[in-house]
Amino acid sequence: MSRLNRWLGLVGVALRRTAAKATRTAPRQTAASVLGVAIAVALMLVVTATGLGLVEGTTVRGDAVDYWVVPEGGGVSTMVVSASSTQLGDVHAKTAALTDDDRIEYATPVLVSVLEVSAGDESEYVLGVGVVPAPDLGRVAGLSTAPLSSGDPHFAAGSYDGEWTGESVVSTSAARNLGLCGDESSACVAENASLSVAGATSGGGARDLRVTAVEPVAVESGLSGAPVMVVHLSELQAITGAAGADQADQILVQSSAAGLEADLEAEFEGATAVTRAGFTAQQSMDSELPLAMGVAALLVAVVVGALFVATTQGLEVEADAEQLATLAAIGVSTRARATLLAVQALALTLAGGALGVALAYVATAGLNWAAVRAIAPVPIASFHPALVAYGLGVSALIGLLVAPYLLAMERRTQSVTEVIR
């Protein structure tokens, strides 16, 4: 018999022993080992998926924006964080001053808030984005601002008693959730549909809007499939209570001139100006937190999974002392017995890893559903297909770490002489 056939035979015996333990001789211990690994891997993957969701978050921005002015210390906020970040004040006047600069093509404040929007009997939480529309602005939050009237008429030089346009560009997913469209196979045409928006704070008030356009969110925005609505800035300020101090979350500036950071920061005291390159660097810095979350989750999963398997399978090795000693008595080598134990450990941890991946997928979907319904405007976790291989790889690592312990336990079992006696 060749060496390969001999090793394949040992692997087959180990798998049959594992199946026998799972179904007949030790189902409880086997189930405990598998569930221990599954729970550890599932928790690790959910935390990692949440970290990926944070990394993939994007800033509310137009296609051609070259600078972002954001509150100092806040960095470039993600969509989920923007709704509660430190805000800038007196943004209309300061942005108008920026626009008068010949080096700046266009600038607009942006306010972000989670709104409860109603259409008839349907109600949905939507990410509201307020801007001052202009032909040069392009897309913001993945939606075109062209269907909105230029300027910000309701602002009326700070009196907030100008014309209420009520215009809104609504994402396709938001329109479907509000019952304004048919099924997903049909086109969504809901122009001029009436919406009612509840005030997001005690200082805001309920107002009526109308759908000016319905369109899918641009994929490159990172918000594809999210319920989003773009409206005039002053109207969103009136709804959310941000009109008193003329507040916004960030300023988007389009310019081909270099070195404007100092001038932009001088205009907005306590703010930081970030270029496109700076935004990329900021994203890299912001990814450190999700990375730390992922590493911590990995360590916890490995430790918890290894402890579960080592404890339950260590007891099994002790219970199988006579069988292992009998194998030694009939001439099965130490290496062959070690292979049996290692393969059994790997089989159990891989089964637990597969179950953990399935649990994590379901848990991530449930977490996103609950978050979107309760606190976040967009899904907060991203279950990337690579997480499947990651989960199985970690479960295999747990099996490899446990194998030496099981081998040490096997050496402490009864000797061949004791079995014969």
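- Within the 4.5 Å cutoff, no side-chain heavy atoms of Val169 are placed close to those of Val228.
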Exercise for review: Applying side-chain contact (heavy atoms from CB on, under 4.5 Å), run through Leu111 and Gln237 and close with a yes or a no.
Suggested key: CA-CA 8 Å; Leu111 177 64; Gln237 288 176 326; 3.7 Å; yes

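- Contacts of Ser33 classified as side-chain hydrogen bond (donor to acceptor under 3.5 Å, both in side chains), with partners at least two apart in sequence or in another chain: Thr312, Gln313.
- Atom CG of Asp100 sits in a crowded spot, with more than 12 heavy atoms from other residues, nucleotides or ligands closer than 6.0 Å.
- The backbone N or O of Val91 lies less than 3.5 Å from a partner atom in the side chain of Asp246, making a donor-acceptor pair.
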Practice item. List the steps and the verdict of salt bridge (Lys or Arg N to Asp or Glu O under 4.0 Å) for Asp263 and Arg103. Key: CA-CA 11 Å; Asp263 292 340; Arg103 297 171 298 173; 2.7 Å; yes

Exercise for review: For Leu148 and Val231, run side-chain contact (heavy atoms from CB on, under 4.5 Å): C-alpha distance rounded to whole Å, both residues' side-chain angles, the deciding distance at 0.1 Å, then the answer.
Suggested key: CA-CA 7 Å; Leu148 302 177; Val231 299; 5.7 Å; no

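- Every residue meeting the side chain to side chain contact (heavy atoms under 4.5 Å, CB included) condition with Thr99, not counting sequence neighbours, appears here in chain and number order: Thr95, Ala107.
- Residues Leu143 and Pro216 approach most closely at CD2-O, 4.0 Å, considering heavy atoms.
- Annotation for Leu195 and Ala119: closest pair CD2-CB, 3.8 Å, computed over non-hydrogen atoms.
- Remark: side-chain polar atoms of Asn177 are not paired, donor with acceptor, to backbone N or O of Glu124 under 3.5 angstrom.
- The salt bridge (Lys or Arg N to Asp or Glu O under 4.0 Å) search around Glu116 returns none, not counting sequence neighbours.
- Taking CG of Leu355 as the reference point, atom OG of Ser395 lies at 11.0 Å (rounded to 0.5 Å).
- Separating the CD1 atom in Ile251 from the CG atom in Leu264 is a distance of 9.5 Å, to the nearest 0.5 Å.
- Scored by the side chain to side chain contact (heavy atoms under 4.5 Å, CB included) test, Thr48 finds Met44, Leu387, Tyr390 as partners (sequence neighbours excluded).
- Sequence neighbours left out, not one pair with a member in residues 345-361 passes side-chain hydrogen bond (donor to acceptor under 3.5 Å, both in side chains).
- The minimum heavy-atom distance linking Leu350 with Ala396 is given by the pair CD2-CB, 4.0 Å.
- Inter-residue side-chain proximity for Val132 and His92 is flagged as met; some heavy-atom pair is nearer than 4.5 Å.
- In this structure, Thr212 contributes its side chain and Ser168 its backbone to a donor-acceptor pair below 3.5 Å.
- Ion pairing between a basic and an acidic side chain is recognised when a charged N comes within 4.0 Å of a carboxylate O; Glu215 and Arg139 show such pairing.
- Taking Ala97 as the reference, Glu267 meet the side chain to side chain contact (heavy atoms under 4.5 Å, CB included) condition, with sequence neighbours excluded.
- Remark: of the listed residues Val47, Ile39, Leu45, Val41, Ile39 is the sole one forming a side-chain contact (heavy atoms from CB on, under 4.5 Å) with Leu43.
- The side-chain hydrogen bond (donor to acceptor under 3.5 Å, both in side chains) search around Glu105 returns Gln254, not counting sequence neighbours.
- Not a single salt bridge (Lys or Arg N to Asp or Glu O under 4.0 Å) links Asp90 to another residue, sequence neighbours left out.
- Not a single donor-acceptor pair under 3.5 Å links the side chain of Asp208 to the backbone N or O of Ser196.
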Exercise for review: For Val131 and Leu233, run side-chain contact (heavy atoms from CB on, under 4.5 Å): C-alpha distance rounded to whole Å, both residues' side-chain angles, the deciding distance at 0.1 Å, then the answer.
Suggested key: CA-CA 4 Å; Val131 298; Leu233 174 64; 5.6 Å; no

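- Under the 3.5 Å distance criterion, the side-chain polar atoms of His232 are matched with a main-chain donor or acceptor of Ser149.
- When every heavy atom of Phe155 is checked against every heavy atom of Ser234, the shortest pair comes out as N-OG, 3.4 Å.
- Two residues are said to be in side-chain contact when any heavy atoms from C-beta on lie closer than 4.5 Å; Val69 and Glu265 fail this criterion.
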Only pairs under 3.5 Å count here: list side-chain donor-acceptor contacts from residues 292-300, not counting sequence neighbours, and write none if there are none.
none

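- The closest donor-acceptor contact from the side chain of Ser144 to the backbone of Ala146 lies under 3.5 Å.
- In this structure, Val110 and Asp249 have side chains that are not in contact, with every pair of non-hydrogen atoms separated by 4.5 Å or more.
- Here Ser173 pairs with Ser171 under the side-chain hydrogen bond (donor to acceptor under 3.5 Å, both in side chains) rule; sequence neighbours left out.
- At a threshold of 4.5 Å between non-hydrogen side-chain atoms, the residues Leu127 and Val112 count as touching.
- Leu115 has its side chain within reach of Ile239: a pair of non-hydrogen atoms, C-beta onward, lies under 4.5 Å apart.
- Smallest separation of non-hydrogen atoms from Val37 and Gly305: CG2-O, 4.2 Å.
- Note that the CG atom of Leu178 and the CE atom of Met229 stand 8.5 Å from one another [nearest 0.5 Å].
- Using cut-offs of 30° and 60° for the angle between ring planes, the Tyr160 and His154 rings count as perpendicular.
- Of all non-hydrogen atoms in Ser150 and Ala134, the two that sit nearest each other are OG-CA, 4.3 Å.
- Checked against side chain to side chain contact (heavy atoms under 4.5 Å, CB included), Ala306 has the following partners two or more places apart in sequence or in another chain: Ile398, Val402.
- Residues passing the salt bridge (Lys or Arg N to Asp or Glu O under 4.0 Å) test with Glu167 are Arg210, sequence neighbours excluded.
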Check your understanding: Would Val388 and Phe383 count as a side-chain contact (heavy atoms from CB on, under 4.5 Å) if you check the C-alpha gap in whole Å, the side-chain angles of each, and the deciding distance to 0.1 Å?
Key -> CA-CA 9 Å; Val388 176; Phe383 195 91; 4.2 Å; yes

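- Between atom OG1 of residue Thr108 and atom CG of residue Asp152 there is a gap of 8.0 Å, rounded to the nearest 0.5 Å.
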